[in-house]
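To start, the structure itself, in structure tokens.
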Amino acid sequence: MFFDRIEAAPADPILGLNEAYKADPRADKINLGVGVYQNEDGITPIMECVKAAEKVLLESEKTKSYLPITGLSEYGRFARELIFGKESELVDGGRAVSCHCPGGTGALRIGADFIHQQNVASTVWISDPTWANHYQIATSAGLKFERYPYYDRVNHTLAFDRMLETLSQAKEGDVILLHACCHNPTGVDPTVEQWEKLAAFMAEKKLLPFIDFAYQGLGRGIDEDATGLRIVAKHCPELLVASSFSKNFGMYNERVGVLTVVSENSEVASRVLSQLKISVRTSISNPPAHGEKVVVTVLSNPELRAQWTLELKGIRDRIRNMRELLVKKLAEAGAGDYGFFVEQNGMFSFSGLDKNQVETLKKDFGVYIVGSGRICVACLNHKNIDKLVSAICAVNKE
């Protein structure tokens, strides 16, 4: 037989946790392991601007024929505009090329495939901790990876000096994978000064930045969240960016991602694009259309674009408010100082809880978080926050 010796793969740490949550019969269970935004009612809502754009498409769309291999040109342009800023020469200057990929994950994979297939580099440096799929994507694409320290668990801050010290071991031409904002899983981002120092460091050592930009608009603001990336682009003439509209448009299941590659000049960029098309063609053949057309419809319509900006601000503000409320309630309950939660950005935070405490939360209280202690603060609401606070207090006393 061909398949009888195949061993079962271990469950994905997040997807497996969700399966365990679904099987839990307790009515008051809480899932803070999932990586999506939920509103006050525990629902991942469809944005009103998205529904309006879908209505426009329903009435005006005339074909379901294939898109170009790299997606609609307007889609790539809007992506570059959001990434680099409207006034950046990288929007229309020819140095940056973009292609639609199935989600930010697809953009990471196609970017990694491109790096390997074109012998751009063989080693990628990835933060420790990071989104676990980063390691798997690099390995599956044929790249080797090294880890660099990122999080100071004692002080709940960025371990910036140790990070640079470790990255000093990188060889010229190595790839450095960075989170543009809302670092997953810690929520800790570099300061502007640290971004400047890091960007100059990479330029001097001739390292290639590969930036994962999955959460634009969910941290401090649409432009604010791009600050670090734009600093890197100022110092480094070449870089890759894997960005996503899945989160900031709430279109998780439409898989709406973009890979953007910046080259030293437009002639090189043209050659890069020709090879990116082959990478796309041999992996997905052609990108999915619906989510891309929704994004283009919203961003090309001033009224819908303003509505999107306002709705995204509402999501961002609610996440920030839940962070502040959680810190306040934990302090009032005598759980200690969790003020670092409000210093972190985006959907996730490291709680500082160890694996035993995480397991007790699940077993005794029906509170599901990732084994690392990562909490999805974007899934907190006024109905479940008191139970979480009580559970954290209980496991802290054990």
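We count residues from 1, following the sequence as given.
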Does atom CD of E40 have more than 12 heavy-atom neighbours, drawn from other residues, nucleotides or ligands, at distances under 6.0 Å? yes
Please say whether more than 12 non-hydrogen atoms of neighbouring residues, nucleotides or ligands are located less than 6.0 Å from NZ in K328. no
Do [X] and [Y] come close enough that some side-chain heavy atom pair is under 4.5 Å?
X    : Y    : value
Y135 : R147 : yes
P288 : E254 : no
Y151 : V188 : yes
V370 : V358 : no
F210 : L178 : no
M251 : V294 : yes
L304 : Q307 : yes
L108 : H134 : yes

[atom1]/[X] to [atom2]/[Y] distance, rounded to the nearest 0.5 angstrom?
X    : Y    : atom1 : atom2 : value
I110 : S283 : CD1   : OG    : 4.0 Å
F201 : C236 : CZ    : SG    : 11.0 Å
W125 : L207 : CH2   : CG    : 9.5 Å
E54  : C49  : CD    : SG    : 10.0 Å
I315 : M347 : CD1   : CE    : 9.5 Å
T297 : E74  : OG1   : CD    : 9.5 Å

Contacts satisfying ring-ring contact (aromatic ring centres under 6.0 Å, His included) that involve residues 295-334 (not counting sequence neighbours) are F249-W308
task = Walk me through it: do S65 and T63 pass the test side chain to side chain donor-acceptor pair (under 3.5 Å)?
result = CA-CA 5 Å; S65 185; T63 182; 4.6 Å; no
Check whether Y21 forms a cation-pi arrangement with K29 (NZ or CZ under 6.0 Å from the six-membered ring centre, at most 45° off the ring normal).
yes
inquiry  = Check for me, please, whether I369 and L325 land in the same ILVMFWY cluster - side-chain distances under 4.5 Å, paths through other members count.
reply    = yes
Indicate, with yes or no, if V50 and V258 share a hydrophobic cluster defined by side-chain heavy-atom contacts under 4.5 Å among Ile, Leu, Val, Met, Phe, Trp and Tyr. yes
Run T260 and V97 through side-chain contact (heavy atoms from CB on, under 4.5 Å) and show every step you take.
CA-CA 6 Å; T260 298; V97 295; over 6 Å; no
Do [X] and [Y] have side-chain N/O donor and acceptor atoms under 3.5 Å apart?
X    : Y    : value
H179 : T130 : yes
Q117 : S279 : yes
N133 : Q136 : yes

Could you report the tightest heavy-atom contact between [X] and [Y], atom names first, then the distance?
X    : Y    : answer
R318 : Q38  : NH2-O, 2.6 Å
L167 : Y148 : CD2-CD2, 3.7 Å
R374 : G33  : NH2-O, 2.8 Å
A269 : G94  : CB-O, 3.1 Å
G85  : V91  : O-CG2, 3.3 Å
L312 : Q216 : CD2-O, 4.2 Å

Margin query: Test side chain to side chain donor-acceptor pair (under 3.5 Å) on Q344 and S349; report intermediate values, then the result.
Written below: CA-CA 7 Å; Q344 298 168 355; S349 280; 2.5 Å; yes
- Go through the steps for H235 and E204 under the test side chain to side chain donor-acceptor pair (under 3.5 Å), then give the verdict. CA-CA 9 Å; H235 286 268; E204 181 181 357; over 6 Å; no
message = Go through it in stages, so that I can follow the logic: the residues are R77 and E81, the test is side-chain contact (heavy atoms from CB on, under 4.5 Å), and I'd like the CA-CA distance, side-chain angles, deciding distance and then a yes or no.
response = CA-CA 6 Å; R77 188 188 186 283; E81 182 182 290; 3.0 Å; yes
Margin query: Under the criterion side chain to side chain donor-acceptor pair (under 3.5 Å), I'd like the reasoning laid out for R320 against N345: C-alpha separation, chi angles, the key distance, then a yes or no.
Written below: CA-CA 8 Å; R320 178 66 52 185; N345 297 312; 3.1 Å; yes
- Message: For N381 and N39: C-alpha separation, side-chain torsions, deciding distance, then whether side-chain contact (heavy atoms from CB on, under 4.5 Å) applies.
- Response: CA-CA 7 Å; N381 57 58; N39 63 17; over 6 Å; no
Mark yes or no for whether [X], through its side chain, and [Y], through its backbone, hold a donor-acceptor pair below 3.5 Å.
X    : Y    : value
R220 : G346 : no
S270 : S266 : no
N301 : V298 : no

Between R230 and D223, does any side-chain N to carboxylate O distance fall below 4.0 Å? yes
Ion pair check, D28 and R26, cut-off under 4.0 Å
no
Original post:
Aromatic rings Y150 and H183: how do their planes relate, parallel, tilted or perpendicular, breaks at 30° and 60°?
Top reply: parallel
